[in-house]
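Scroll down for the structure; my scribbles are underneath it.
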Number of protein chains: 2
Amino acid sequence: MRGRPTIYQDANIVKKAQEVFWQKGYSATSLSDLQKATGAGAGSFYNTFKGGKKEVFQKAIEERLLAFDAFKKELSKSEFPLELIKDFFRSIASAEENEHLKGCIIANTVVEMTFIDDNLEADAVQILKEVEQMFTQAIKDEKLKGNLKTQTDPEILGRYLITFWCGLNTLRRMYPDKNVLKNQIEMQLAVIS
Amino acid sequence: MRGRPTIYQDANIVKKAQEVFWQKGYSATSLSDLQKATGAGAGSFYNTFKGGKKEVFQKAIEERLLAFDAFKKELSKSEFPLELIKDFFRSIASAEENEHLKGCIIANTVVEMTFIDDNLEADAVQILKEVEQMFTQAIKDEKLKGNLKTQTDPEILGRYLITFWCGLNTLRRMYPDKNVLKNQIEMQLAVIS
DNA sequence: TTAATTTTGTAATGATTGATACATAAATAG
DNA sequence: CTATTTATGTATCAATCATTACAAAATTAA
């Protein structure tokens, strides 16, 4: 292939940009921020992403969707899927403070984008719904196997978990503290049993 | 008192500005947005609020704190305080779609401001903690009166409610639907009994 | 009436925004 | 070696950003 070699790989730009978007959100992140974080100048940036800032943000969101898909795949192979989900929640407690403050970029986006950008908002909502669907399915399966005492509708329980996830997204910022979060997570997971 | 009469009352500017901030957040709201919404030009605007955009946002947040104080006062007079809190959650379900999409301006601010403005972030976190404290106290009181079966620590239950509140803040945007929200709210409130 | 005082409206301010233009660098195909 | 192609770096764009400057308007105290 002809042409000057690429220094700034698409995937790398997205990764670095994602970090900034995750912390500052979409609106408060400037092109200057992104250029500083990625190292790429305006030339490389717009040559790689014709859609500019918005396209990069979308790619950053998509990257999270891929991470979710990977988890779902792992879940499908798991012998105790519901335990895997619970352990995922439990693992949140022991995250670094900075991770608590960043929260979940998808949940953040739903909150930020409502009256700002319909496409980005819808993309993020869609992902949260897919996560919810995964929760619901795992609960249904566990119920069929007779491992769940609760009589509550799996759909309600799936929504309960996604609501918890979004609530945790703010609670982590109020209390970026391992013990507080651990107690809270255990209490909320106890509902699913 | 001497001087040209005031057309744009402080309180009115804050009220109108709050509506914009509530929808678009802090960063995405421009001075031009605020001037359009309030009717006040740059002259009046900066004459009234020397602190500019940030001061008005702070005042908009304070207004919500006052609303919370009013609720707390009502609660202190109530015969069944925990029922009043539950009814408050229940009332959310029947809100207009636009109210669902706006969510809670305090919870929104916690999510938006983390890496943007320490003061505004801390203000919003403080308010959520005060709301949590109110929940906790109401639960303690009810427990002393012997009206609560659950053995869970009131502190955990208070945090459970504030987590639910913040989770609902996103769930309402995913499902701005009366029935979905009603079911979800009832299920979550059933934990406090 | 006049002087003092305050608010208002408008016109600027310089800085920053996201995006484009374009010459140059650096590679490969022929 | 040359032509072609692609990526990069820099200069620049118009638009918008939050804020300030300031003259005119509109009141009251004296």
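We name chains A, B, ... by the order of the sequence lines, and we start the count at 1 in each one.
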- Message: Check this for me, if you would: do B/R159 and B/E132 make a salt bridge, where the nitrogen-to-carboxylate-oxygen distance has to be below 4.0 angstrom?
- Response: yes
- Presence of salt bridge, A/E121 and B/R173, under 4.0 angstrom: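 No, no charged N to carboxylate O under 4.0 Å.
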Only distances under 3.5 Å count here; give the side-chain donor-acceptor pairs of residues 5-12 of chain A to other protein atoms, sequence neighbours excluded, each with its distance to 0.1 Å.
from : atom 1 : to    : atom 2 : distance (Å)
A/Y8 : OH     : A/G39 : O      : 3.1

- Query: Among residues 108-115 of chain A, which residues get a heavy atom nearer than 4.0 Å to DNA chain C?
  - Reply: none
- Message: Just to be sure I understand the geometry, which residues of residues 22-36 of chain B put a non-hydrogen atom under 4.0 Å away from DNA chain C?
- Response: none
- Output the distance between atom CD1 (B/I92) and atom CZ (B/R172), rounded to the nearest 0.5 Å. 4.5 Å
- Task: Verify whether one side chain among A/Q23 and A/E19 offers a donor that lies under 3.5 Å from an acceptor in the other.
- Result: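 Yes, a side-chain donor-acceptor pair sits under 3.5 Å.
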- Message: Pairing donors with acceptors under 3.5 angstrom, does anything connect the side chains of A/Q137 and A/D141?
- Response: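 Yes - a donor-acceptor pair under 3.5 Å links their side chains.
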- Task: Quick one: which residue pairs count as a ring pair (Phe, Tyr, Trp, His ring centres under 6.0 Å) with a foot in residues 103-150 of chain B, not counting sequence neighbours?
- Result: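 Residue pairs passing ring pair (Phe, Tyr, Trp, His ring centres under 6.0 Å), neighbours aside: B/F89-B/F135.
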- Query: Going 5' to 3' along DNA chain D, which nucleotides are the first and last within contact of chain B (any atom under 4.0 Å from a heavy atom)?
  - Reply: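 Counting from the 5' end, contacts occupy D/dC17 to D/dA29.
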- Quick one: is the NZ or CZ of B/K53 closer than 6.0 Å to the six-membered ring centre of B/Y46, and within 45° of its axis?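 The answer is no; the distance or angle limit is not met.
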- Message: According to side chain to side chain donor-acceptor pair (under 3.5 Å), does anything in residues 62-80 of chain A pair up with another residue at least two apart or in another chain? List the pairs.
- Response: A/Q18-A/E63
- Looking at B/W165 versus B/Y160, is the centre-to-centre ring distance below 6.0 Å? no
- Which parts of residues 52-59 of chain A get close to DNA chain D, meaning a heavy atom less than 4.0 angstrom away?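 Contacts with DNA chain D under 4.0 Å: none.
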- Linking Ile, Leu, Val, Met, Phe, Trp and Tyr by side-chain heavy atoms under 4.5 Å, what else ends up with A/V111?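 Direct or chained contacts put A/V111 with B/V111.
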- Separation of atom CZ in A/F49 from atom P in C/dG18, rounded to whole Å: 16 Å
- Scan for salt bridge (Lys or Arg N to Asp or Glu O under 4.0 Å) pairs involving residues 84-96 of chain A, sequence neighbours excluded, and state none if there are none. A/E83-A/R90, A/D87-A/R90, A/R90-A/E186
- Query: Which is true for A/Y8 with a 4.0 Å heavy-atom rule: it touches a base, it touches only sugar-phosphate, or it touches nothing?
  - Reply: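 A/Y8: backbone/sugar contact only, no base atoms under 4.0 Å.
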- Query: Considering residues at least two apart in sequence or located in another chain, which fulfil the side chain to side chain donor-acceptor pair (under 3.5 Å) criterion with B/Q35?
  - Reply: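 Applying side chain to side chain donor-acceptor pair (under 3.5 Å) to B/Q35 gives none.
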- Message: Holding to side chain to side chain donor-acceptor pair (under 3.5 Å), I want the full list of residues that pass it with B/Y26, two or more places apart in sequence or in another chain.
- Response: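 Side chain to side chain donor-acceptor pair (under 3.5 Å) check on B/Y26 returns nothing, list empty.
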- Where protein sits on nucleotides 20-30 of chain C, one letter per nucleotide: B base, S sugar-phosphate only, - none, heavy atoms under 4.0 Å: B----BBBBS-
- Message: Main chain of B/C104, side chain of B/N108: is a donor-acceptor contact present, judged purely on distance under 3.5 Å?
- Response: yes
